[in-house]
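Written out below as structure tokens is the structure these notes cover.
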Amino acid sequence: MAAARAAAAVDAYQHNTLIRAAADHRSLLLAFRAMLREGVAADHFTFPFALKALAQAHHRSPPPCAAAPATATTTLGCLHAQMVKSGHGANVYAASALVHAYVSRADAASARAVFDAARHRNVVTWTAMIAGHAAAGEAREAVALFREAVARGQEVNGITVAQVMGACAQSRDLESGRWVHATLRRWGVEPILLDVALATAVLHMYASCGGLDAAFEVFDKMPRRNEVSWNAMAEVCSRHGRQDKVLEVFPGMHSVGMKPDKVTWLSILRACTSKGAAGLGQGVHAYMEKTIGHRHVAVCTSLMDMYSKIGNARSALQIFQCLKRKDLMAWTSMIIGLAKHGHGKDAVQLFNQMQHGGVVPDHVAFVGVLTACSHAGMVDEARKYFDSMWNHYGIRPTIKHYGCMIDLFSRAGRLAEAEGMMQMMPIQPSVTMWGSMMNGCKVHGRADIAERVGRQVAELNPQFGAIYVIMSNIYAEIVLPSVQLLTLYVAWKERGTVEPANELYSGNGEQYRNTRYRSTKRELV
DNA sequence: TATTTTCCCC
């Protein structure tokens, strides 16, 4: 009996080793099934190993098509079921690993279900769950869970704090961030002095919620800094429009013997782009070719973006074509770049190529292709792409997509369709949309529609002052019989918005133009 | 033989 148990333990050890070594979910499943088939029972190492292998495999190569990750999900579900069945669900290591596995698959809801049902939890379980909420963009839940942990007297560590700081940064929750910091100090811990990762997380939190000065203060106090600390600083400066400071990071790092990595380059490139510093950007490009080459998709995407924005579509295209592994953002950047430079048809073609290559478009990619259609006057194609967003990809159109469509219809003079879309869509029309439509009316000489729609807007939203500005634009371009102006004047007066109407009514064409500028300042700022 | 770390392009 004892010998049989010892033999089984040896067997489990061997299977565990195979399971741990699995590089993808397929080989993992094979190794796990082999264990079941040979009748070897899983021990308390099996599930932590298997789940970690699965999480890492997913991290290394996420499914190319987000709509069909069926196999990987099945593997995880299978492990979860076996874990519960075999009674290892009560093992805190296994439970933590399961929470993390769901988190790595961006399934925070399932992770939370496991977390809530777990019989035993420790600091790792709590940390994994807090990290899961943060990764899913559920910053409030992450902070709430951390507060709960502290209230229960649950042990937390530097990793937990780093995660919750990240959540505070994400939701610009300065109050919670300060509270976390103060709580640690109350415990006699100064996180900035503790370790680099934690200090960097604190730095990032203050930078996101407080501002540059708070970030500099933390940075100066840090006893040690690594590349990530410098990168956080560079990123913060570039977000706050301090391009000069970003460009100081490079010599700053150099002076302490550190080299910029791909994240540093992203900030530096962004600084060059927003500064419009073409020469500098090209210098950076040349330097990067020598150091890191064309290996990083993100950096190349940023470079493409820079070249597109300074009007050099050719260089952007060259970098794009050199890219071996093109991801969604690279495709999107190129599509938008082409669209903006009047190559609408090429951009649409690129979008189709991307889809054929199995890259699944997201909402930004759709903004790109719709913009491209708009510039190329491809109204019916746009309609097709727009419909496929929800029908094929389950992406709900946002205000930007509706804006593209309305702009597109209006430019093409298909004003009834523009109007129809504005009436059908589930969101409030924006000033830009009314502007697009009114502009379409102007270009296509449809003062009748402009007047009807404008009146409608004024009636539906009397507080929506911008419509009067837009209307005065129209009237400045298309002179209507004075009786119609008078009608409008009366309508506006009833609404209590007579000021712009007064100016409009008493003037001639020249004055309408003046009205437009004055009104624009008053109404839109 | 085990679980959880900071900065990131469209």
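Basis for what follows: all heavy atoms, side chains included, without hydrogens, waters or symmetry-related copies. Lettering of chains follows the sequences in order, A, B, ..., and the numbering in each one begins at 1.
Among the atoms of the strands shown, none is found under 4.0 Å from any heavy atom of A:Arg225.
For B:dT4, the OP1/OP2 oxygens have a side-chain nitrogen or oxygen of A:His100 closer than 4.0 Å. Within the structure, a side-chain polar atom (N or O) of A:Gln163 is placed less than 4.0 Å from OP1 or OP2 of B:dT6. Contact annotation: A:His204 side-chain N/O to B:dC7 OP1/OP2 distance is under 4.0 Å. Phosphate contact (OP1/OP2 of B:dT4, side-chain N/O of A:Lys52, threshold under 4.0 Å): present.
In this structure, A:Tyr206 and A:His181 have tilted ring planes: the angle between them lies in the 30° to 60° band. Using bins of under 30°, 30° to 60° and over 60° for the plane-to-plane angle, the ring pair A:Phe47/A:His88 lands in the tilted bin.
As a whole-Å value, the separation of A:His88 NE2 from B:dA2 P is 16 Å.
An aromatic stacking contact links A:Phe45 with the base of B:dT1, defined here by ring centres under 5.5 Å apart and ring planes under 30° from parallel.
The side chain of A:Ser333 lies closest to B:dC10 when the candidates are B:dT4, B:dC10, B:dT1. Of the candidates B:dC10, B:dA2, B:dC9, B:dA2 carries the atom nearest the A:Arg20 side chain, counting heavy atoms from C-beta on.
You won't find any donor-acceptor pair under 3.5 Å spanning the side chain of A:Ser302 and the base of B:dC9, going by distance alone.
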